[in-house]
Amino acid sequence: MSQKLVLIDGHSILNRAFYGVPDLSNAEGLHTNAIYGFLNIMFKILEEEKPDYLAVAFDVHAPTFRHQMYQAYKGTRKPMPEELRQQVPVMKEVLKAMHITIMEQAGLEADDILGTLAKKAEQEGMEVSLVSGDRDLLQIATDHIKIRIPKTKQGRTEIEDYYAADVQAAYQVTPLQFIELKALMGDTADNIPGVPKVGEKTAQALMVEYGSLDNIYSHVEEISKKSIRESLIEHKDLAELSKTLATIKTDCDLQLDYDQAKAEGFYTPEAYTLCKRLEFKNLLGRFEKNAAATDTKITENFRIIEEKKEFLDFLKKAKKQKEIGLWLITEPAVGSNTKKEELLGASVSVPDAETVFYALKREQEPGGQLSLFEEVKQTVDETAEITAALQELSSVKGLRIATFDVKRQYDYLDHSGTEQYFDILIAAYLLNPLKNDYDPESIASEHLGIMIQGKAEVFGKRSFRTLLSEERKKAAEYTCYGAWVSVKCRKVLEDKLEVAGMKRLMNEMEMPLSLVLYDMQKEGVAVRREELKSYGDALVARIEELEHAIHEQAGVDFNINSPKQLGEVLFETMQIPGGKKTKTGYSTAADVLEKLSADYPIVRDILEYRGLTKLKSTYADGLAAFIEADGRIHTNFNQTITATGRISSTEPNLQNIPMRMELGRKIRKVFVPREGYEFMDADYSQIELRVLAHMSGDEQLIDAYRQEEDIHRITASKVFHTPFEEVTDLQRRNAKAVNFGIVYGISSFGLSQDLSISKKEAAQYIEQYFETYPKVKEFIDKLVADAKNKGYTETMFGRRRPIPELSSSNFMQRSFGERVAMNAPIQGTAADIIKIAMIKVWKALKEEELKSRLILQVHDELLIETALEEEARVREILTENMKSAADLAVTLEIDLHTGKDWYEAK
DNA sequence: CTGCACCGA
DNA sequence: ACGATTCGGTGCAGA
């Protein structure tokens, strides 16, 4: 069988990919969509063709002969967008890393390179596939040269294939005639002028009838249509120029080195690392699968310790080190409804020496004769013994411990403080808060530039527990890597934090906070299960009524929860005017429905139904599922999720319990303190606006806060030049909306939507606002300008947020970046402040050995389960520490309440 | 697995 | 002419 060569038109495919794939960028702010699309297309082709050889051709940027001819004719080519231009060198880097031959030569266009190589290969008896987005290449097609044109349709890549016969079928001309067809009709994308007035249809008809350009001009007088005839005659020179432009050279002096172009060995560690850096998660699996073939992974000194005694001895010796890496693998106990993490394995890495792994005896040894009781007892004893040793190790003064995700491990470590720990998860997050997930392997790749096995590759969908029994060695190796990478990364990450000015943020804020959050999670919050149940039952009764009424009014039974069905019923079956939106059908969003609710009772019922089913599923049922054996909900506070530095809460999310509507708000009654305790809840009063006042230094805004009056009313008074006492409710509402808008990164459109006013009016409000607070305007302008210069924003405490969108040429993307640049420093600083407050409050409670506990944080609010007898002192602690968390030009004020449940305390 | 809808700050 | 306020999480439907 003949051999197969795949040739790829680099720029053309990159171009296609750029416009076909939505904008992506990695954490460095590098746009990556074209590279991603290119690789996807290339892999698809490789899989289909399984070629023997592969090469990619690029244009060199120096102008070529054909360019010059064209430029002489008409100006310059339109420039490549910046987002694409920056991807070209990276693309080449990726290809080089994959050992793929890149052909480029000054003076030659990619087309000419491709044409020449294709023809040569054909003569040598090969089958050639030429991949390009450019139909120009169709002239090269023969029975052995297939032109493949990828199209991206709705995320799927489809490829049109053209042999010579297919060109004939599609265009009624041979590939050679195709050149002249192009010359006649022109092609703006390829900068071929063509003959004016001759389009695709006319050109095709002419070519079919006369067969060639020469023949057309020989019979030009016979052409019946006057305008066409005259244009042809008048622009004969253009036709000839176009032909020259359209003709691809196939006789260039170049040679493909087939040895180097062998289609194999793509999956190199360098390429893998690059793909990691570019954050092509979908592609990584491909590398991992093929990694065995190019296995160059580092072989470190890893060892499994089987005997408990030996492991304990190792831990003892480790105490003498200055620094170790430590990683404990924990998983929730099987079949329990608690989140208590069970210790399964531990790895300790001694720098420049060895890394050991020890697995706790969790599963029955083969042939074991132990009774269940004995087995459990042994496990418990062993866990206690190992835990004690780990705690001893981790409390050694002067021993630095690098680890990954310390919050999950405090159960088994000394957690009287955090000074000894360095969490690479948190460090990686601070350096780069935009990433979706941080695992040891991606940190290793990004910060150490090495490729280690990924969790997905090792585990698949298996739990650690399963892996440990099935492939003990792999489990051990994975854990060892975690400890090894942690300690290896520590200095690198610390240096990067230092350079970025985030060292104190790391050591004095985030590390201590990890312990505060651990305690809060462990503490949990009591929930009255029966109350929650009856709340749900009450909802069901009303939901069923509404469901019946809605079906009745619609005349059909349908799923009200399906936006698709609902849209069809409302806007088609019932013919309610309200129009289309969204790509998937009619919009049934609340703001659309609200406009209709006055006229259509069914819409009102639907809105009520929506609200109630939301309460039922997300809150009544949703929360009930998270109540653990101790009668409490232990939410997870995540420290490394948000781009701005806020904490997030999951499983369940306790930061979005209903508040605004009375019915929903009642859910808060099921959150209760334990016996002998009450809830004390304090929230910051407009913390973001106060941060804005401080950071901008605007005297007017600062002065407004010094008056200790309703800030929105003062703003209204200043903005609308109305005496304070005469400010109307409407004026106040508008001023409040602008205040919020400023914090969010305002646009006049957004404000107009918010206030249901015209864009023009909204713009006017904003202008007046800026006149009132001129330094606020200066400040947010400066935020955007600085962010554009530096590529990131900063909070008062040095927390960074990169904003890659600011360099986009796409208006929407860029505007988004600008709003983010205004919002992130404000929201982020507020987040920093409450984190400081949390740490101070937590410390105070601890130092005074109080029984009261910090249990929840809701962005600007702290909830303390307060022992009744400690109320006065806790009130002082909370007030004092929240107010003094930051020293601003305005005071930090709080609203504090106590109550027998969360409803009352808020 | 994605889009929609909707809850909070 | 168009776009069109930030940060999150969860549940559901429908592919």
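Predicted, not measured: the structure shown is a model, and the values here were computed from it. The figures that follow rest on heavy atoms only: side chains count, while hydrogens, waters and symmetry mates do not. In what follows, every chain begins at residue 1, and chains take the letters A, B, ... in the order their sequences are listed.
- Rounded to whole angstrom, the span from the CD atom of E651(A) across to the P atom of dG8(C) amounts to 17 Å.
- Taking all atoms of both residues into account, the shortest heavy-atom contact from M822(A) to L783(A) is O-CD1, 3.8 Å.
- Not one N or O on the side chain of E531(A) forms a donor-acceptor pair closer than 3.5 Å with the backbone of R528(A).
- When the C1' atom is compared between dC2(C) and dC6(B), the two are found 27 Å apart, to the nearest whole Å.
- K407(A) and N636(A) share a side-chain donor-acceptor pair at under 3.5 Å.
- An OP1 or OP2 oxygen of dC7(C) is reached within less than 4.0 angstrom by no side-chain nitrogen or oxygen of Q655(A).
- Residue pairs satisfying the salt bridge (Lys or Arg N to Asp or Glu O under 4.0 Å) criterion with at least one member in residues 800-824 of chain A, sequence neighbours excluded, are listed as follows: K788(A)-E818(A).
- Within the 4.0 angstrom heavy-atom criterion, no nucleotide atom of any strand lies near I742(A).
- As a whole-Å value, the separation of E688(A) CD from dC7(C) P is 12 Å.
- Listed by residue number, S747(A), F749(A), G750(A), D754(A), K759(A) are the residues of residues 746-772 of chain A with a heavy-atom contact under 4.0 Å to DNA chain C.
- Remark: R801(A) is in phosphate contact with dC7(C), judged by side-chain N or O atoms under 4.0 Å from OP1 or OP2.
- Across dC7(C), dC12(C), dC7(B), the shortest atom-to-atom separation from the side chain of P658(A) is found for dC7(B).
- Considering only side-chain N and O atoms, N656(A) lies nowhere under 4.0 angstrom from the phosphate OP1 or OP2 of dT10(C).
- Below 30°, between 30° and 60°, or above 60°: for Y438(A) and Y429(A) the angle between ring planes is above 60°, a perpendicular geometry.
- Against DNA chain C, the stretch residues 820-835 of chain A makes heavy-atom approaches under 4.0 Å through V820(A), N823(A), Q827(A).
- Look at S648(A) and you'll find a side-chain N or O under 4.0 angstrom from OP1 or OP2 of dG9(C).
- The side chain of R610(A) has dA5(B) as its nearest neighbour among dG8(B), dA5(B), dG9(C).
- The shortest non-hydrogen separation linking A821(A) to L806(A) is CB-CD1, 4.4 Å.
- Note on residues 825-836 of chain A: pairs passing salt bridge (Lys or Arg N to Asp or Glu O under 4.0 Å), not counting sequence neighbours, are E510(A)-K835(A), R799(A)-D832(A).
- Set against dA9(B), dT5(C), dA13(C), the side chain of S562(A) has dA13(C) as its closest nucleotide.
- Remark: the K614(A) side chain and the dC7(B) base include no donor-acceptor N/O pair separated by less than 3.5 Å.
- Contact annotation for S649(A): backbone-only contact, meaning every heavy-atom pair under 4.0 Å involves sugar-phosphate atoms and none involves a base.
- If you measure from atom CG of L689(A) to atom P of dT6(C), you get 18 Å, rounded to the nearest angstrom.
- Smallest separation of non-hydrogen atoms from V738(A) and I746(A): O-CD1, 4.2 Å.
- Atoms NZ (K906(A)) and C1' (dG8(B)) sit 10 Å apart, rounded to a whole Å.
- Here the nucleotide nearest the side chain of K564(A), chosen from dA4(C), dG14(C), dA9(B), is dG14(C).
- Whole-Å rounding puts the R819(A) CZ to dT5(C) C1' distance at 6 Å.
- The separation of dT5(C) from dT2(B), taken at their P atoms, amounts to 24 Å, rounded to a whole angstrom.
- The minimum heavy-atom distance linking S514(A) with I426(A) is given by the pair CB-CD1, 4.1 Å.
- The minimum heavy-atom distance between Y769(A) and V776(A), with the atom names listed, is CE2-CG1, 4.3 Å.
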Report each atom pair, protein N/O against N/O of nucleotides 2-4 of chain B, whose distance is under 3.5 angstrom.
from   : atom 1 : to      : atom 2 : distance (Å)
dC4(B) : OP1    : T584(A) : OG1    : 3.4

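- In this entry the distance linking OH of Y609(A) with P of dA13(C) reads 8 Å, nearest Å.
- The minimum heavy-atom distance between F558(A) and H551(A), with the atom names listed, is O-NE2, 2.7 Å.
- The side chain of R646(A) lies closest to dA9(B) when the candidates are dG14(C), dA9(B), dT10(C).
- Between L623(A) atom CG and dG8(B) atom P the separation is 13 Å, expressed in whole Å.
- The residue F816(A) sits close only to the backbone: its heavy atoms come under 4.0 Å of sugar-phosphate atoms, none of a base.
- Looking at heavy-atom distances under 4.0 Å, R660(A) makes contact with a base.
- Within the structure, salt bridge (Lys or Arg N to Asp or Glu O under 4.0 Å) contacts touching residues 632-649 of chain A (residues at least two apart or in different chains) are R632(A)-E865(A), R646(A)-E688(A).
- Using the six-membered ring where Trp is involved, Y36(A) and F280(A) have ring planes that are tilted, between 30° and 60° apart.
- Rounded to whole angstrom, the span from the OH atom of Y744(A) across to the P atom of dA9(B) amounts to 10 Å.
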